[in-house]
Amino acid sequence: MGGPLKIDVLTVFPGMLRGFLEESMLKRAARQGAVVFRTVDLRDFAHDARRTADDRPYGGGPGMIMKPELWFEAVEAVRTPGARIILMTPAGPTFRQADARRLAQAEHLIFVCGHYEGIDERVREALVTDELSIGDYVLTNGVLPAAVVVDAVVRLLPGVLGGGEQATRDESFTEDLLEPPQYTRPAVFRGMAVPEVLQRGHHAEAAAWRAGQALDRTARRRPDLLKRDPDKTVF
């Protein structure tokens, strides 16, 4: 990438993101110049005094549908060449770590965060490049799912976490494995001891133990992950 990752979040509730983007790792990433955040109030693109963003669905049915013209104008106002326009929707494929790595290579991400009963289908057909879901459940709007994806992506940007690639290399899902158990001082707490292999200071033995624990934990808790790579052997 030639500069910081640009992230625009389009929503009728921009206030939901203010605290989230101004804390912890995301705040540091912006200060370092690794990412530039912008929240865009969709109602700024309405053309009536009431700043209307929704209307009744054609064909009847419950709820209200978000109007297409606001989305088109908002996306066209912020879009740069090659931007990924991401619709957060329960109908999308489940977001995975591989998606986070892919999106971290982009130059510009635009999140389309719906509300009410949904967004006019023409927005998806004409504007959206990616659809993502964070799980098989329904939330009030797309802001919280977008925040989840933003966090997962930004932490992968170079220099954000410190420690180079090592900082994210051994995490859960990096190689379709869950992270192994982690310990710190004291060596014994309320009768529970840190495994001896970790206390000996032999890095190769500790690495082998962690690898085995990662495979074992994945096999017990998420065997579906191992099915993607049948050559993995559980210790």
**Q** What's the spacing between Glu22 CD and Arg31 CZ if we round to 0.5 Å?
**A** 10.0 Å
**Q** Quick one: do Arg122 and Asp120 make a salt bridge, cutoff under 4.0 Å?
**A** yes
**Q** Could you walk me through whether Val112 and Ile119 satisfy the side-chain contact (heavy atoms from CB on, under 4.5 Å) test, starting with their C-alpha distance in whole Å, then the side-chain angles of each, then the deciding distance to 0.1 Å, before giving a yes or no?
**A** CA-CA 9 Å; Val112 172; Ile119 297 176; 3.6 Å; yes
**Q** Take a 6.0 Å sphere around CD of Glu76 and say whether it holds more than 12 heavy atoms from other residues, nucleotides or ligands.
**A** yes
**Q** Using a 4.5 Å cut-off between side-chain heavy atoms of Ile, Leu, Val, Met, Phe, Trp and Tyr, which other residues end up in the same hydrophobic cluster as Tyr183?
**A** Val194, Val197, Leu198, Trp209
**Q** With distance as the sole test, does Ser133 use its side chain to make a donor-acceptor pair with the main-chain N or O of Gly135 at under 3.5 Å?
**A** yes
**Q** Considering the options Asp216, Leu225, Thr218, which one meets the side chain to side chain contact (heavy atoms under 4.5 Å, CB included) requirement together with Leu177?
**A** Thr218
**Q** Under 3.5 Å, side chain of Arg210 to main-chain N/O of Pro180, donor-acceptor pair present?
**A** no
**Q** Taking the side chain from Thr89 and the backbone from Ala91, do they hold a donor-acceptor pair closer than 3.5 Å?
**A** yes
**Q** Show the atom names and distances, to 0.1 Å, of all donor-acceptor pairs under 3.5 Å that link a side chain in residues 2-20 to residues at least two apart or in another chain.
**A**
unit_1, atom_1, unit_2, atom_2, d
Asp8, OD1, Arg38, NE, 2.6
Asp8, OD1, Arg38, NH2, 3.3
Asp8, OD2, Arg38, NH2, 3.1
Asp8, OD2, His108, NE2, 2.7
Thr11, OG1, Phe13, N, 2.9

**Q** If the condition is salt bridge (Lys or Arg N to Asp or Glu O under 4.0 Å), which residues does Asp151 pass it with, not counting sequence neighbours?
**A** none
**Q** If you count every heavy atom of other residues, nucleotides or ligands that lies below 6.0 Å from Arg102 atom CZ, does the total exceed 12?
**A** yes
**Q** Show, in sequence, the C-alpha distance, side-chain angles and deciding distance for Leu109 and Leu103, and conclude whether the side-chain contact (heavy atoms from CB on, under 4.5 Å) test is met.
**A** CA-CA 8 Å; Leu109 304 178; Leu103 294 176; 4.0 Å; yes
